[in-house]
Amino acid sequence: MKKAKKLFSLILAVAMCLSFSVTAFAAETDQAVLEKHVVTLSVKPGDDAGIMPAMWDQNTYTVGVGITTYTPQFIIPDRYFAYEMSATGVSGAPVSVSYSVALMYDVTGTVASQNGIANGVATKADWIDLRFTGGSYLFRIINGGSEAIKVTLTYYSWK
């Protein structure tokens, strides 16, 4: 009788082990396959096609040692404005030169400004509210270092 109980216990243990493996051998089900799609949208400056914010322009300026440079004036028709700035040495390599860029209105008033190092890293002044300013705008770029730099400005506006 003891041997029969042991044999029965062994058969039950094997049956239980085999029942756990049933899920491992289950048939595969149809699963949705996700595909990655990349959509590229090109918008010309000034043609926002209803997309906000619209990139206005991107220009690069070479600024000599200790020089203050002003960009040409422009009109901003929208309420909000943003600009990105980055700079490098004239050769395109990062340098340890400090510089600043200010958005000015009518040559006299500073609307927004930021400082940076000409290491190629872009910084952004965002959500500049132009509701209480008006007229024409321009950028003032100051090179505070000991070598010439190239400053790239990209600017945007939206309603």
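Nothing here was measured: the structure is a model prediction, and the numbers come from that model.
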Quiz item: Atom CE of M104 and atom OG of S113: how far apart are they, to the nearest 0.5 Å?
Solution: 9.5 Å
Quiz item: In the single-linkage hydrophobic clustering (I, L, V, M, F, W, Y; side-chain heavy atoms under 4.5 Å), do I128 and I76 co-cluster?
Solution: yes
Quiz item: Can you hop from V111 to F81 via hydrophobic side chains spaced under 4.5 Å?
Solution: yes
Quiz item: Would a hydrophobic clustering, with Ile, Leu, Val, Met, Phe, Trp and Tyr connected at side-chain separations under 4.5 Å, put V65 with I142?
Solution: no
Quiz item: Do I141 and I67 share a hydrophobic cluster, counting only Ile, Leu, Val, Met, Phe, Trp and Tyr and linking them when any side-chain heavy atoms are less than 4.5 Å apart?
Solution: yes
Self-check item: Atom of G116, atom of M85 and distance for their closest heavy-atom approach
Solution: N-CE, 3.7 Å
Practice problem: Please report the closest heavy-atom contact between A102 and T110, naming both atoms and the distance. | Solution: CB-CG2, 4.1 Å
Self-check item: Interatomic distance, T69 atom OG1 to L138 atom CG [nearest 0.5 angstrom]
Solution: 11.5 Å
Self-check item: Side-chain heavy-atom pair L153, N59 within 4.5 angstrom cut-off
Solution: no
Self-check item: Interatomic distance, S96 atom OG to E147 atom CD [nearest 0.5 angstrom]
Solution: 8.5 Å
Quiz prompt | Parallel, tilted or perpendicular: rings of Y80 and W158 (30°, 60°) | solution = parallel
Quiz item: Got Y137 and L130 here, is their nearest side-chain heavy-atom distance under 4.5 Å?
Solution: yes
Practice problem: Would you check if the distance from the ring center of Y61 to the ring center of F139 is below 6.0 Å? | Solution: no
Quiz prompt | CA sep, side-chain torsions, deciding dist, call: I149, Y99, side-chain contact (heavy atoms from CB on, under 4.5 Å) | solution = CA-CA 9 Å; I149 58 174; Y99 72 104; 3.6 Å; yes
Exercise. Specify the closest pair of heavy atoms between T88 and A93, including all atoms of both residues, with the distance to one decimal.
Key: CB-O, 3.6 Å
Self-check item: Short side-chain to backbone donor-acceptor contact, N143 and G64, under 3.5 Å
Solution: yes
Quiz item: Closest approach of G89 and V95, non-hydrogen atoms and distance?
Solution: N-CG2, 3.7 Å
Quiz item: Looking only at heavy atoms, what is the nearest atom pair of G145 and V97, with distance?
Solution: CA-CG1, 3.5 Å
Quiz item: Between CZ of R140 and CG of L103, what distance do you get to the nearest 0.5 Å?
Solution: 10.5 Å
Exercise. Answer whether the closest heavy-atom distance between the side chains of K159 and R79 falls below 4.5 Å.
Key: no
Quiz item: Looking at Y83, Y105, Y155, which hits ring pair (Phe, Tyr, Trp, His ring centres under 6.0 Å) with F74?
Solution: Y155
Quiz item: So which heavy atom on Q114 is nearest to which on A125, and how close?
Solution: NE2-N, 3.4 Å
